[in-house]
Undergrad: 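Take a look at the following structure, please.
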Protein chains: 2
Amino acid sequence: MNTLAEENYLKAIYKLSLTAGNVSTNQIAAELATKASSVTDMVRKLAEKALVNYTRYQGVSLTKAGEKVALNIIRRHRLWEYFLVEKLHFKWDEVHDMAEEMEHISSTELIDRLDAFMGHPTRDPHGDPIPDCDGNFKVTELKPVSTVEINTAGVISGVRDHSASFLQYLERQQLTIGKHIIIKEVISYDNAVILEMENTQIQISRDVANNLLIAL
Amino acid sequence: MNTLAEENYLKAIYKLSLTAGNVSTNQIAAELATKASSVTDMVRKLAEKALVNYTRYQGVSLTKAGEKVALNIIRRHRLWEYFLVEKLHFKWDEVHDMAEEMEHISSTELIDRLDAFMGHPTRDPHGDPIPDCDGNFKVTELKPVSTVEINTAGVISGVRDHSASFLQYLERQQLTIGKHIIIKEVISYDNAVILEMENTQIQISRDVANNLLIAL
DNA sequence: TTATTTTTTTAGACTTGTCTAAAAATACAA
DNA sequence: TTGTATTTTTAGACAAGTCTAAAAAAATAA
Ligand SMILES: [Mn+2]
Ligand SMILES: [Mn+2]
Ligand SMILES: [Mn+2]
Ligand SMILES: [Mn+2]
């Protein structure tokens, strides 16, 4: 149906669309580590296939059809990540690159059976929601630890930075998905945040607090 | 390391090498449903990478390095087929095309963990041996039903035709891997073969007998 | 052994996806 | 509002992999 390159572009455009309206050529180029001229070419191709809306110099947005394809790729990516962690016992910082390849395996029957085999999980190992086969998923409002008030209690539920180094850091601090925490104090000098988790206090930097998401 | 196209060529050359010495350009073209001129180009590229031995007009053979790559692809193919049948409950005639894509997922760590997850299976759903991570596997001498003598007893252990239609036929006749059979009679008129399995008699055509393999 | 057929290779072209360099459009600042 | 900086597009090229048509080599037949 769509080539591997097309799928990667659609996924990138979807991701960028979450924090912007129309997505710019340069944003896509940065996301995919490619050049703006390559993006222009590909975007024209996707527009011809009616997967994106595009007018010269105005950026792009996904059409309904394009969004459906993107959500399907994300579904596959997150289900494979879940499989790798839950069944093959990889750590959450090890699975992204493998899933990046596996998400392009095309059979929908395969992905639906994989979904059933694992009991229809709703979130991947990083806390991100797994769309169902129609592209629907529950949106839960998550907040960066850095944005909530003192004495707020919450459950660690996601990350904004998916890099291996950040995930490894969280793992070492035991700040993993599902843990209950209370925000106790913000140091005014450097905005470091002191949390309480399982009756012990942990201090995290402002950067970490920005990238760690909790459900209230 | 190697591109998808290169991997497919290496696998094809390996497969053809089993029944011939040097493999010809036309044989490879037929196996991959491509043109002889394309094969010449690719074979030159593989020769430069020292994965095949090639001299103009003389056909090709795999080098030690090329054989190792080929066996690794076959390992991945067969392990994924096993996964699809044993864990996702696909039928043995449904898995080949999916495995054809999955065999190109590159992580060796992934494949080794998949292998462990399934308990280190030694044969895929079609009875073919699964090489270990060093490319070693047990060679079992299998014989087509059409070549053994009357009153020979054996266990169905493999097929020479992997097409969905043949596998579906066998499934319908319950002639599946592991079944014990005895060759009772060959009809001289059309070489049809009469088998006994679980105390009932089954008649199969010469074509089927040619493509059904048993261990004695 | 010579002629014919078959196989293989070469030559040249096309597609997909990428790149660099230059031109055009847009955004921003004075 | 005019000039400069930035972004985006165009033009032209390249690598991988494929194809068709023609040439060369090898195999086969007379
Ligand atoms: Mn990921
Ligand atoms: Mn994830
Ligand atoms: Mn197969
Ligand atoms: Mn098989």
Side-chain angles (χ1 to χ4, degrees), chain A residues 1-17 19-62 66 69-70 73 100-101 103-106, chain B residues 1-14 16-17 19-62 66 69-70 73 100-101 103-104 106:
Chain A
M1 195 69 200
N2 302 300
T3 68
L4 187 142
E6 286 166 354
E7 291 196 339
N8 285 335
Y9 274 88
L10 290 170
K11 191 163 60 111
I13 295 165
Y14 178 88
K15 185 177 167 187
L16 294 167
S17 298
T19 48
N22 264 24
V23 177
S24 78
T25 302
N26 265 1
Q27 282 179 297
I28 300 169
E31 178 70 23
L32 293 173
T34 184
K35 295 299 151 88
S37 55
S38 306
V39 173
T40 301
D41 287 348
M42 179 56 89
V43 152
R44 289 242 297 276
K45 212 174 85 175
L46 294 173
E48 257 163 49
K49 295 180 83 170
L51 296 169
V52 300
N53 306 115
Y54 170 65
T55 37
R56 260 152 77 264
Y57 294 102
Q58 300 308 126
V60 299
S61 62
L62 293 177
V69 174
I73 301 159
E100 210 59 39
E101 288 184 61
E103 70 190 6
H104 302 291
I105 304 295
S106 58
Chain B
M1 196 68 204
N2 302 299
T3 67
L4 188 143
E6 285 167 355
E7 290 196 341
N8 285 335
Y9 274 88
L10 290 170
K11 191 162 59 112
I13 295 165
Y14 178 87
L16 294 167
S17 297
T19 47
N22 266 23
V23 176
S24 78
T25 301
N26 265 1
Q27 282 179 296
I28 299 169
E31 177 72 21
L32 293 174
T34 185
K35 296 297 151 90
S37 54
S38 306
V39 174
T40 301
D41 286 348
M42 179 57 88
V43 151
R44 289 242 296 277
K45 211 174 88 176
L46 293 173
E48 256 163 52
K49 296 180 81 172
L51 295 169
V52 300
N53 307 114
Y54 171 64
T55 37
R56 263 153 72 263
Y57 296 101
Q58 300 309 124
V60 299
S61 62
L62 294 177
V69 174
I73 302 160
E100 210 60 37
E101 288 183 60
E103 71 190 4
H104 301 291
S106 58

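Throughout, a chain's letter reflects where its sequence line sits, starting with A, and its residues are numbered from 1.
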Undergrad: Separation of A/Asn8 atom CG from C/dT18 atom P, in whole Å?
TA: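 So the CG-P distance, A/Asn8 to C/dT18, works out to 9 Å.
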Undergrad: Given D/dT8, D/dC19, C/dT8, identify the nucleotide with an atom nearest to the side chain of B/Thr34.
TA: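 That would be D/dC19.
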Undergrad: Let's see if you get this right: which residues in residues 9-17 of chain A place a heavy atom under 4.0 Å from DNA chain D?
TA: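 None, since no heavy atom is under 4.0 Å.
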Undergrad: Can you see if the side chain of A/Asn26 gets near the phosphate of D/dT6 - specifically, an N or O under 4.0 Å from OP1 or OP2?
TA: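 False: A/Asn26 side-chain N/O out of range (4.0 Å or more) of D/dT6 OP1/OP2.
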Undergrad: Nearest-Å distance, CD (B/Glu6) to C1' (D/dA15)?
TA: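 Checked: the CD to C1' distance equals 12 Å.
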Undergrad: Heavy atoms under 4.0 Å is the rule here; annotate nucleotides 20-26 of chain D 5' to 3' with B where the base is hit, S where only the sugar-phosphate is, and - elsewhere.
TA: B---BSS
Undergrad: Taking only the side-chain heavy atoms of A/Ser24 (C-beta and beyond), determine which of D/dT18, C/dT8, D/dT8 contains the nearest atom.
TA: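 Among D/dT18, C/dT8, D/dT8, the one nearest the side chain of A/Ser24 is D/dT8.
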Undergrad: Considering residues at least two apart in sequence or located in another chain, which fulfil the salt bridge (charged side-chain N to carboxylate O under 4.0 Å, His left out) criterion with A/Glu6?
TA: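 Checked A/Glu6 against salt bridge (charged side-chain N to carboxylate O under 4.0 Å, His left out); matches are A/Lys45, A/Lys49.
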Undergrad: Output, in order, the C-alpha distance, side-chain angles, deciding distance and verdict of side-chain contact (heavy atoms from CB on, under 4.5 Å) for B/Lys11 and B/Glu100.
TA: CA-CA 11 Å; B/Lys11 191 162 59 112; B/Glu100 210 60 37; 2.5 Å; yes
Undergrad: Rounded to the nearest 0.5 Å, what separation is found between the OG1 atom of A/Thr25 and the OH atom of A/Tyr54?
TA: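 The OH atom of A/Tyr54 is 5.5 Å from OG1 of A/Thr25, to the nearest 0.5 Å.
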Undergrad: Give the nucleotide from the list C/dT9, D/dC19, D/dT9 with an atom nearest to the side chain of B/Ala36.
TA: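 So the nucleotide nearest the side chain must be C/dT9.
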Undergrad: Give the rounded distance in Å between these two atoms: CG of B/Asp41 and P of D/dA16.
TA: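 Taking atom P of D/dA16 as the reference, CG of B/Asp41 is at 12 Å.
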Undergrad: To the nearest 0.5 Å, what is the distance between CG on A/Asn8 and OG1 on A/Thr3?
TA: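 Reported to 0.5 Å precision, the distance equals 8.5 Å.
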Undergrad: So, is A/Thr25 near the phosphate of D/dT9, with a side-chain N or O under 4.0 Å from OP1 or OP2?
TA: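 Indeed, a polar side-chain atom of A/Thr25 lies that close.
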Undergrad: If you look only at distance, which donor and acceptor atoms sit under 3.5 Å apart when one is on a side chain in residues 28-41 of chain B and the other is two or more places apart or in another chain?
TA:
residue	atom	partner	partner atom	Å
B/Glu31	OE2	B/Lys15	NZ	3.2
B/Thr40	OG1	B/Ala36	O	3.2

Undergrad: Calculate the interatomic distance between A/Ile28 atom CD1 and D/dT8 atom C1'; express it in whole Å.
TA: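 Atom CD1 in A/Ile28 sits about 12 Å away from atom C1' in D/dT8.
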Undergrad: A/Glu101: what forms a side-chain contact (heavy atoms from CB on, under 4.5 Å) with it, not counting sequence neighbours?
TA: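 Checked A/Glu101 against side-chain contact (heavy atoms from CB on, under 4.5 Å); matches are B/Ile105, B/Ser106.
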Undergrad: Does a side-chain N or O of B/Arg44 approach OP1 or OP2 of C/dT9 to a distance below 4.0 Å, or not?
TA: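 Checking C/dT9 against B/Arg44, no side-chain N or O comes under 4.0 Å of OP1 or OP2.
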Undergrad: According to side-chain contact (heavy atoms from CB on, under 4.5 Å), who are the partners of B/Ala50, at least two apart in sequence or on a separate chain?
TA: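 Partners of B/Ala50 under the side-chain contact (heavy atoms from CB on, under 4.5 Å) test: none.
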Undergrad: Could you state the interatomic distance from CG (B/Leu46) to CG (B/Asn53), rounded to the nearest 0.5 Å?
TA: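 That separation rounds to 11.5 Å.
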